[in-house]
Amino acid sequence: MATTAVPVPDGGIIVGKPKWRPLESEGNLAMLLLLPTIALLLMFIAYPFMRGILLAVTNSKVGVIGDFVGFENFARLLKDPIFHAVVYNTFLYTFVTTVFKLILGLWLALLLNRDFKFKAFTRAFILLPFIVPTVLACFAWKWMFDPTFSVLNWMLFKLGIVAAGAGVNWLGDGDLAMLSIMIVNIWRGVPFFAISLMAGLQTISPDLGEAAAIDGAKPLQRFWYITWPLLMPVTMVVVLFSVIQTFSDFQIVYVMTGGGPANATHLFATYAYQLGVGTGLLSQGAAVSLAMFPLLFGIVIFQLMYIRRVETR
Amino acid sequence: MSNVTIRQVHKHYADFHAVKGVSLEIKDKEFVVLVGPSGCGKTTTLRMVAGLETISEGDIMIGNKIVNELPPMDRDIAMVFQNYALYPHMTVYDNMAFGLKMRKFDKAEIARRVNNAADILDIKDHLTRKPRMLSGGQRQRVALGRAIVRNPKVFLFDEPLSNLDAKLRVQMRVEIKKLHQRLATTSIYVTHDQVEAMTLGDRVVVMKDGLIQQVGEPLELYNNPANRYVAGFIGSPAMNFADTMIEEVGGAVYATNPTMRIRVPEQIAARMGPHKGKPATLGIRPEDLHMASGADPEDLSFEAVVEVAEQLGAEIILDLKAGGSAMVASVEPTVKVKPQQKIRLGINPAGLRFFDATTEAAI
């Protein structure tokens with residue numbers, strides 16, 4: 001015994017200095033357990049974020065450290081017509097694809113939630129677009145959208161919709177290019193919606209549907225009055241995740257169009273990359289990606305508040 | 001008229017024959033309980049009446065109209081589920097009003113009916129609450145309320161008390177009984193609890209393996225079980241059984257085995273003709289056994305060893321060993337016995353029942 005025990009003659013109670021055990025305090029233990037996470041967060045999130053902010057208020061380029069210029073980079077962005085297009089593109093891209101991903105994903109989820117043969121196989125199969133590496137899938141899509149050799153134009157030709165040699169210039173026209181990358185984003189995002197919403201549907205007791213059927217609700221009414229409100233918390237979380245992912249999307253645009261034609265499909269991430277890395281204007285690139293932050297932050301706060309309201313209802 | 005007729009109904013699943021030709025006539029205003037162990041087909045039968053399961057064969061009629069092809073909403077029934085199946089995102093009021101809204105009742109009429117039901121069920125203070133803020137008993141009242149506001153032809157209950165604790169179950173049982181006396185709506189009630197069946201049912205239907213074993217008023221099932229299964233299922237503690245041989249000695253008929261030699265009462269003995277010299281199962285309820293005294297004849301008593309004595313206050317339940325078979329007796333609370341004590345038990349001859357050893361049908 002390291003402590004000095006003082007024997008008491010008749011009581012048999014041992015009195016001594018208690019051992020120093022700092023980890024028995026919950027506060028100390030919590031601190032210790034949190035330490036690795038805090039270190040990682042500081043290194044990989046806080047530092048790059050601060051570095052980005054510092055970069056955005058200088059005029060540094062590749063090879064030039066640069067000087068402090070205040071909000072000059074942001075002021076320039078406000079006057080930059082490409083940046084205006086980027087903001088519009090990003091909101092349009094996020095809104096349209098999220099709506100379609102939600103509708104198609106919900107529809108798939110409702111179908112997959114039924115009992116049918118090869119249910120497990122189909123459910124796994126549905127996930128494929130989500131599992132395939134995005135960049136590889138995007139190269140495949142790029143082929144399919146090719147104006148001369150693509151399977152899409154070949155089909156349109158065979159169906160008699162377009163004349164030979166007059167195929168649709170999918171990625172060469174600004175609007176069509178935006179439509180094309182939206183299609184790819186939806187294709188890739190639907191499985192996530194379908195699987196997550198299906199998991200949500202499975203938490204809804206089938207008894208409720210039966211009770212509503214006996215109560216006189218037709219299938220559409222059962223969906224609207226029972227399933228949809230009960231699925232709402234899951235839906236909101238899925239939409240939140242998807243909005244964050246889509247708003248900062250990079251891979252699809254970078255591989256398919258590189259932001260073109262004529263900047264028609266640039267999003268925040270691709271424009272920031274092009275300015276910062278492509279052109280070497282590090283500070284301006286940083287300013288673009290930082291400009292995304294308050295917008296995304298606003299959307300997330302709004303959605304989190306809504307989720308909380310739905311959940312405490 | 002809200003009578004329900006079930007005629008030769010079968011239910012086949014892919015690899016399972018769940019209901020094997022059930023026929024039942026339920027009269028208007030009658031409370032009928034389907035009781036049996038899990039997997040006996042009682043819930044499937046109820047769900048076929050509700051329209052939640054398709055009918056593989058046979059017909060179900062509600063109010064003299066075949067409803068086989070009608071969806072649940074057009075059958076004019078209401079159902080109370082085991083786990084209440086309340087809509088968690090709606091208030092108690094909206095839960096009860098939902099069926100009326102779907103049927104396009106006007107607002108004033110909905111309010112009148114919901115308030116009236118809330119009065120009957122004593123849940124008026126909870127109308128603005130969500131189901132998760134209620135206790136199990138209150139939730140089940142809301143589920144009952146949702147059923148009664150619609151004023152349907154038939155109530156269907158699918159083990160509605162199984163999720164409640166023992167005390168609440170007894171209380172809600174009484175309330176369901178009162179509710180039925182007040183509303184007099186034809187009711188079909190499914191349970192695996194024979195006490196619930198006995199206390200609630202005007203008639204009780206005992207089912208096993210997809211077949212009806214016996215239909216009758218509660219006391220009829222208790223006193224005159226049609227077969228060994230019903231005899232063992234109805235009554236608590238359950239009826240005792242002993243394997244015996246039927247012998248005729250000097251004009252009297254005896255059921256014997258190595259530990260007992262019981263004289264068969266004359267009115268049963270008269271039916272024993274074809275069973276003489278063959279094995280038969282003797283059945284005697286625990287409440288028809290008592291501590292034997294000198295007045296008990298030798299051939300209406302037997303010896304047994306006490307294993308456990310359970311003091312219930314109003315009675316003592318004795319777990320006994322008589323020869324090879326376990327027996328239970330319900331005796332006077334004044335009886336003093338110790339474990340391993342050898343005692344002699346007297347039989348009330350009116351309580352003796354006999355069952356064919358192979359068909360298990362009552363003799």
Side-chain angles (χ1 to χ4, degrees), chain A residues 102 106 109-110 113-122 196-240 303-313, chain B residues 13-14 43 46-47 49-53 70-91 94-105 110 129-133 139 142-150 152-160 163:
Chain A
L102 178 58
L106 184 60
L110 289 168
N113 199 36
R114 290 166 162 262
D115 244 343
F116 57 93
K117 263 190 180 173
F118 310 118
K119 188 168 63 176
F121 175 77
T122 314
S196 310
L197 293 177
M198 193 184 75
L201 284 174
Q202 285 177 347
T203 64
I204 300 173
S205 160
D207 282 357
L208 295 178
E210 293 182 343
I214 289 173
D215 265 342
K218 296 182 182 73
L220 220 57
Q221 289 173 314
R222 294 209 285 274
F223 174 76
W224 183 248
Y225 289 109
I226 310 296
T227 312
W228 179 244
L230 290 175
L231 195 59
M232 190 51 96
V234 176
T235 308
M236 288 310 294
V237 172
V238 175
V239 167
L240 174 70
Q303 285 189 322
L304 282 177
M305 272 164 52
Y306 188 78
I307 288 170
R308 190 152 301 171
R309 216 194 63 181
V310 168
E311 278 181 346
T312 54
R313 215 165 46 177
Chain B
Y13 291 106
T43 295
L46 187 81
R47 287 171 61 84
V49 175
L52 298 172
E53 297 279 355
L70 278 187
M73 54 189 262
D74 295 330
R75 296 193 179 191
D76 202 5
I77 45 140
M79 184 152 164
V80 179
F81 292 80
Q82 176 174 356
N83 59 7
Y84 326 124
L86 297 177
Y87 312 124
H89 57 299
M90 296 185 195
T91 61
D94 288 335
N95 263 285
M96 301 210 293
F98 187 73
L100 299 173
K101 277 182 193 155
M102 289 298 110
R103 287 179 161 78
K104 307 249 174 348
F105 280 72
I110 293 177
R129 296 204 183 164
K130 294 279 168 63
R132 72 182 139 77
M133 296 157 81
R139 284 181 206 185
V142 177
L144 287 175
R146 184 170 65 181
I148 67 177
V149 288
R150 288 225 327 271
K153 277 201 187 121
V154 183
F155 282 141
L156 305 175
F157 298 89
D158 185 11
E159 309 216 11
N163 283 11

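By convention in this document, chain letters (A, B, ...) are assigned in the order of the sequence lines, proteins followed by strands, and residues within each chain are numbered from 1.
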**Q.** Nearest atoms (heavy-atom pairs only) where A:I226 meets B:M90
**A.** CD1-CE, 3.9 Å
Q.
Taking NZ in A:K119 as the centre, count heavy atoms belonging to other residues, nucleotides or ligands within less than 6.0 Å. Is the count above 12?
A. yes
Q. Taking all atoms of both residues into account, what is the closest heavy-atom pair of B:H89 and A:Y225, and its distance?
A. NE2-O, 2.7 Å
Q | Minimum heavy-atom distance B:A78-A:I214, with the two atoms named | A | CA-CG2, 4.0 Å
Q.
Could you measure the distance from the CG atom of A:D207 to the CG atom of B:L52? Nearest 0.5 Å is fine.
A. 9.0 Å
Q: Counting only heavy atoms closer than 4.5 Å, note whether A:E210 contacts chain B via side chain, backbone, both or neither.
A: both
Q | Nearest atoms (heavy-atom pairs only) where B:M73 meets A:G216 | A | CB-CA, 3.4 Å
Q.
How about CZ on A:F118, more than 12 heavy atoms from neighbouring residues, nucleotides or ligands closer than 6.0 Å, or not?
A. no
Q: Name the region of B:Y87, side chain, backbone, both or neither, that has any atom closer than 4.5 Å to a heavy atom of chain A.
A: both
**Q.** Side chain / backbone / both / neither for B:R75 at chain A, heavy atoms under 4.5 Å
**A.** neither
Q: Can you spot which of B:M79, B:R150, B:K101 makes a side-chain contact (heavy atoms from CB on, under 4.5 Å) with A:D215?
A: B:R150
Q) Taking all non-hydrogen atoms of both residues, which atom of A:A211 and which atom of B:A85 are closest, and how far apart? A) CB-O, 4.0 Å
Q | B:L86 versus chain A, the contacting section by heavy-atom distance below 4.5 Å | A | backbone
